[in-house]
Amino acid sequence: MKIPITLPKESTRQKITEKVMESRKAREQSKQLLEIAKTGVERAIETDEATATAWIVRQLEVLDINLTTTT
């Protein structure tokens, strides 16, 4: 079976590659954030909210994520 396949331009392939890499990075970061949140809740239950919040903030700093709150 010979089916002709047209490849996209190099610039389009590069954009697709970048989007896939961004997606993988975002997925990994979301997993890390979920683990931080779960552990933070456990720490809040075991100790207190202030200690857990401080731990969460430190973990986010390690990941270079700025925690911003809006009121």
Side-chain angles (χ1 to χ4, degrees):
M1 219 157 118
K2 294 184 179 183
I3 301 172
I5 299 175
T6 304
L7 293 176
K9 292 187 270 182
E10 178 63 31
S11 61
T12 304
R13 290 193 304 240
Q14 184 63 30
K15 287 178 185 177
I16 293 170
T17 301
E18 289 171 6
K19 293 294 182 184
V20 169
M21 291 171 56
E22 288 174 14
S23 173
R24 288 180 180 167
K25 182 179 177 182
R27 182 179 300 144
E28 183 59 34
Q29 188 177 53
S30 69
K31 288 178 184 179
Q32 291 172 325
L33 292 172
L34 180 59
E35 284 303 314
I36 290 171
K38 288 178 2 185
T39 303
V41 169
E42 291 171 357
R43 287 176 182 251
I45 292 169
E46 293 170 358
T47 58
D48 59 79
E49 186 178 342
T51 302
T53 301
W55 180 84
I56 290 170
V57 169
R58 284 193 306 275
Q59 297 305 305
L60 294 176
E61 288 172 352
V62 168
L63 294 177
D64 197 28
I65 297 173
N66 296 323
L67 181 63
T68 58
T69 57
T70 56
T71 55

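- To the nearest 0.5 Å, the span separating CG on Leu33 from CD on Glu28 amounts to 10.0 Å.
- Partners of Ile16 according to the side chain to side chain contact (heavy atoms under 4.5 Å, CB included) rule, which considers only residues two or more places apart in sequence or in another chain, are Thr12, Val20.
- No single ILVMFWY cluster, assembled from side-chain heavy atoms under 4.5 Å apart, contains both Val41 and Val57.
- Note: Gln14 CD to Thr17 OG1 = 5.5 Å, rounded to the nearest 0.5 Å.
- Listed here is the closest heavy atom pair of Ala44 and Ala52: N-CB, 3.5 Å.
- Screening residues 4-13 for salt bridge (charged side-chain N to carboxylate O under 4.0 Å, His left out), with sequence neighbours left out, gives Glu10-Arg13.
- Within the structure, the salt bridge (charged side-chain N to carboxylate O under 4.0 Å, His left out) test picks out no pair touching residues 57-66 (sequence neighbours left out).
- The salt bridge (Lys or Arg N to Asp or Glu O under 4.0 Å) check on Lys38 picks up Glu35, with sequence neighbours excluded.
- Contacts of Glu18 classified as salt bridge (Lys or Arg N to Asp or Glu O under 4.0 Å), with partners at least two apart in sequence or in another chain: none.
- Counting only residues at least two apart or on different chains, the side chain to side chain donor-acceptor pair (under 3.5 Å) pairs with a member in residues 39-49 are Asp48-Thr51.
- A continuous path of hydrophobic side-chain contacts links Leu63 to Ile56 [ILVMFWY only; heavy atoms under 4.5 Å].
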